[in-house]
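First the structure, in the form of structure tokens, and then the observations on it.
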Amino acid sequence: MPKKKKTITAEDLYSFELITDIDVSPDGSTVVYAQQRVDRKTEKKSSNLWIVQTRGGAPVQFTRGDQSDSHARFSPDGKEIAFISNRGSATQPQIYKIPLNGGEAYQLTKFTGMLFGFRWSPDGKNLVVNFVKKDAETAEREKDENKKKLGVVARRYDRPFYKMDGFGFLPKERMHLWVVNAKSGKAVQLTDHKVFDEGDPYWTNDGKNILFVSNRTDEPDLNIYESNFYTVPAKGGKIKEIPTFKKGEMMAATFSPDGKWISFLGKEGAGDWWRNIQLYVVASNGKSAPVSLTDKFDIDCNFTNINDIIGALTITRPTWSADGKSLYFQISRHGDTVLKKIDIETGEIEDVITGEGAVGKFCFDSKQEKLVWFHADRESVGQIFVWDMKSGKVKKLTKVNEKFLNKLDLGEIEEVWFRGSDKNDVQGWILKPPGFNPKKKYPSILEIHGGPLMMYGNLFMHEFHYLASKGYVVYFCNPRGGQGYGEKHAKAIHNKWGTKDYEDLMRFTDLMVRKPYIDKDRMGVTGGSYGGYMTNWIIGHTHRFKAAVTQRSVSNLVSMWGSSDFNWIFQEAFGNKPPWENLANYWKQSPMKYIGNAKTPTLVIHNEADHRCQIEQGEQVFIALKTLGVDTEFIRFPDEPHGLSRGGRTDRRIERLNAISGWFDKYLKKKK
């Protein structure tokens with residue numbers, strides 16, 4: 001008899017190892033990737049580099065040690081790999097190089113500050129680096145052991161954007177471009193300004209200039225849609241502008257093979273959160289306006305899939321075909337992220353990599369004979385694949401986590417489409433517990449995603465499988481307000497939070513109530529961020545759920561304004577006026593306005609270092625429920641930012657999961 005499979009546990013988070021980044025050698029023979037693990041005793045996350053041949057064979061560990069080795073990139077000749085590491089006793093990450101044919105890694109840079117990535121020059125002689133210098137006050141404090149021990153006395157800012165979730169308080173210095181000699185490590189600063197940042201650098205094909213994005217208005221933090229493309233000579237010199245939009249967003253630029261065109265991702269206009277990210281081209285000489293290649297298709301050229309075991313699931317720069325006639329790019333659509341190819345002249349789109357799941361980081365060899373990509377789906381947290389574009393053969397190159405996952409009974413997922421309140425189509429999924437018996441009545445949990453401009457889909461969600469292992473039917477969907485279903489779907493709740501989104505969620509709940517295996521008297525609801533907003537909204541508008549867990553939530557849009565790291569730009573989603581000009585509108589869309597109606601026992605979870613949704617948002621809900629006499633508890637996680645559920649310290653992630661299941665067990669598994 002086959003051995004009975006186990007069900008997943010919260011502690012299994014320690015067992016996952018994640019592929020977090022990939023790159024392919026110029027000749028297409030070798031893939032380097034970073035693989036992350038967690039030490040249960042120390043809670044430390046470490047990553048090392050691994051090598052695997054595209055012809056197949058077992059991967060080989062390339063670097064060792066309990067440090068973080070990441071952002072590995074092959075040199076243009078394929079003989080070396082440069083990467084970022086905090087190895088040794090260093091706390092300051094630096095760029096290292098290591099020969100592909102073996103040998104010790106050696107330190108190339110000696111930066112003091114924050115390093116945000118690099119890119120090889122086409123000739124392999126230099127690296128362009130995004131770097132933020134340590135400000136004079138911090139540097140002086142760290143020289144004095146007593147001052148260093150005492151820590152920061154005060155922080156003083158004159159800019160609106162002075163903090164960032166997951167990062168903390170921003171340094172006073174701005175992000176600038178540096179060029180590093182790939183042999184000597186000598187670093188030369190190319191740009192310098194007290195107000196401007198320069199980011200997302202990309203070499204011109206001849207290696208003589210560097211393209212970057214910058215907002216060079218007098219008040220960049222107050223004119224956030226006025227960034228543009230610029231170039232600077234690699235040896236230093238005059239900065240030139242390449243005009244794009246009067247107002248808009250742009251990122252992920254690449255040059256066509258002939259250098260005449262720049263492709264990029266972005267959108268024109270200001271404040272329209274619901275607009276799709278589109279694929280554009282613009283003349284590199286700046287003499288023509290950008291042209292959208294994808295506008296007519298109503299598709300989102302972005303990565304909006306949500307899961308909690310992330311790996312190398314990320315947006316990747318669009319890639320020109322070798323002949324310059326087409327572009328490869330990702331789109332998020334109907335719960336999947338796929339790879340497409342568009343003909344520049346005809347505008348025709350072809351499928352490249354499709355199917356259930358998500359295409360994350362992808363890359364080609366120099367001749368575009370090999371396509372390498374990271375792919376994850378509902379049964380795998382992600383593996384590396386290679387497509388030989390001559391033979392058409394596809395190989396899976398890694399098997400990370402496969403043995404572990406094959407031992408688990410994860411239950412079965414059913415995809416459903418249903419009609420929303422306006423006869424709109426909504427996509428959802430139902431996860432049934434391991435050992436599901438259709439003749440039994442099950443308690444259930446509605447999960448609501450964050451964003452709202454994100455989407456659930458065909459990806460592995462540890463949290464959902466964990467709750468299913470506890471005997472719950474877990475159901476989740478993509479109500480109006482999210483991306484991946486066209487602009488009309490996303491725009492439906494613009495300045496109307498708590499309307500069409502709420503209606504779609506209740507329609508899904510109605511559908512579940514009609515299922516013969518659902519106990520309508522034992523239904524729960526939970527969500528984080530915007531999903532926490534909707535959980536707060538739900539308990540103030542209906543009593544149909546017998547228990548709720550609101551996580552890192554938004555509760556009061558009035559106090560949210562200016563307290564988030566997004567600070568004033570939240571007003572764009574609510575009429576684009578500050579609260580003192582439109583207080584009634586903010587309050588109308590705030591769950592706190594309706595909290596007096598709440599009767600649902602609700603667990604409030606929030607993170608003390610959350611700069612996206614400050615903890616006062618959760619505090620308001622907890623205190624309101626307490627004063628109303630509603631059963632509630634408050635769990636605060638120290639030092640954790642907004643993304644605890646997917647990237648926080650593992651023991652805290654486990655405590656969070658146990659608290660959620662414990663709360664639902666208390667109220668949904670009572671004996672009648």
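To the nearest 0.5 Å, atoms SG (C613) and NE2 (H606) are separated by 5.5 Å. With rounding to the nearest 0.5 angstrom, the OH atom of Y157 is 8.5 Å from the OH atom of Y162. To the nearest 0.5 angstrom, W537 atom CH2 is 8.0 Å from S590 atom OG. Annotation: the span from T304 atom OG1 to R333 atom CZ amounts to 11.0 Å, rounded to 0.5 Å. Here L446 contributes atom CG and T526 contributes atom OG1; the two are 9.0 Å apart, rounded to the nearest 0.5 Å. The structure places CG of L313 at 4.0 Å from CZ of F303, a figure rounded to the nearest 0.5 Å.
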Q: Show your reasoning for whether side-chain hydrogen bond (donor to acceptor under 3.5 Å, both in side chains) applies to N495 and Q589.
A: CA-CA 8 Å; N495 199 21; Q589 296 182 67; 2.9 Å; yes

Q: Mind running ring-ring contact (aromatic ring centres under 6.0 Å, His included) on F476 and F508 for me, showing each step along the way?
A: CA-CA 9 Å; F476 47 102; F508 195 20; 8.2 Å; no

Q: Take R480 and D422, measure what salt bridge (Lys or Arg N to Asp or Glu O under 4.0 Å) needs, and give me the verdict at the end.
A: CA-CA 11 Å; R480 278 171 289 178; D422 293 328; 2.8 Å; yes

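The main-chain N or O of D165 is found under 3.5 Å from a side-chain atom of D565 such that the two form a donor-acceptor pair. Listed for the S555 side chain is a donor-acceptor partner under 3.5 Å among the backbone atoms of Q617. Remark: side-chain polar atoms of E640 are not paired, donor with acceptor, to backbone N or O of G648 under 3.5 angstrom.
Note that R612 lies in the cation-pi zone of F566, set by a 6.0 Å cut-off to the ring centre and a 45° limit from the axis. Taking the centre and axis of the six-membered ring of Y472, the NZ or CZ atom of K669 falls inside the cone set by 45° and 6.0 Å.
H541 and Y594 have their aromatic ring centers within a separation under 6.0 angstrom. Ring pair F167/H611: centre-to-centre distance not below 6.0 Å. Checked against the 6.0 Å centroid criterion, the rings of Y533 and W497 qualify as a close aromatic pair.
Using modelled atom types and a 3.5 Å distance limit, the side chains of Y14 and E43 yield a donor-acceptor pair. S380 and D377 share no side-chain donor-acceptor pair at under 3.5 Å.
Between D610 and R552 there is no salt bridge, since no side-chain nitrogen of the basic residue lies less than 4.0 Å from a carboxylate oxygen of the acidic one. Using a cutoff of 4.0 Å between basic side-chain nitrogens and carboxylate oxygens, D425 and R419 are scored as salt-bridged. Ion pairing between D665 and K470 fails under the 4.0 Å rule for side-chain N and carboxylate O. Checked for salt-bridge contact, D308 and R653 miss the test: no charged N lies under 4.0 Å from a carboxylate O. Ion pair K546/D521 not flagged as a salt bridge, since none of the NZ, NE, NH1 or NH2 atoms sits closer than 4.0 Å to an Asp/Glu carboxylate oxygen. Between K666 and D631, no side-chain nitrogen of the basic residue sits less than 4.0 Å from a carboxylate oxygen of the acidic one, so the salt-bridge criterion is not met. A salt bridge links R656 to E463: one of the charged nitrogens lies within less than 4.0 Å of a carboxylate oxygen.
Residues V416 and Y475 are not in side-chain contact: their nearest non-hydrogen atoms beyond the backbone lie 4.5 Å or more apart. In this structure, I605 and I635 have side chains that are in contact, with non-hydrogen atoms separated by less than 4.5 Å.
Between F460 and H462, the ring planes are tilted. Angles from 30° to 60° get that label.
For K520, the NZ atom sits in a loose shell: 12 or fewer heavy atoms of surrounding residues, nucleotides or ligands are nearer than 6.0 Å. More than 12 heavy atoms of other shown residues, nucleotides or ligands fall within 6.0 angstrom of atom NZ in K44. The number of heavy atoms from other shown groups lying within 6.0 Å of NZ (K496) does not exceed 12. More than 12 heavy atoms of other shown residues, nucleotides or ligands fall within 6.0 angstrom of atom NZ in K163. Within 6.0 Å of the CD atom in E412, the count of heavy atoms belonging to other residues, nucleotides or ligands does not exceed 12. Within a 6.0 Å sphere centred on CD of E619, other residues, nucleotides and ligands contribute more than 12 heavy atoms.
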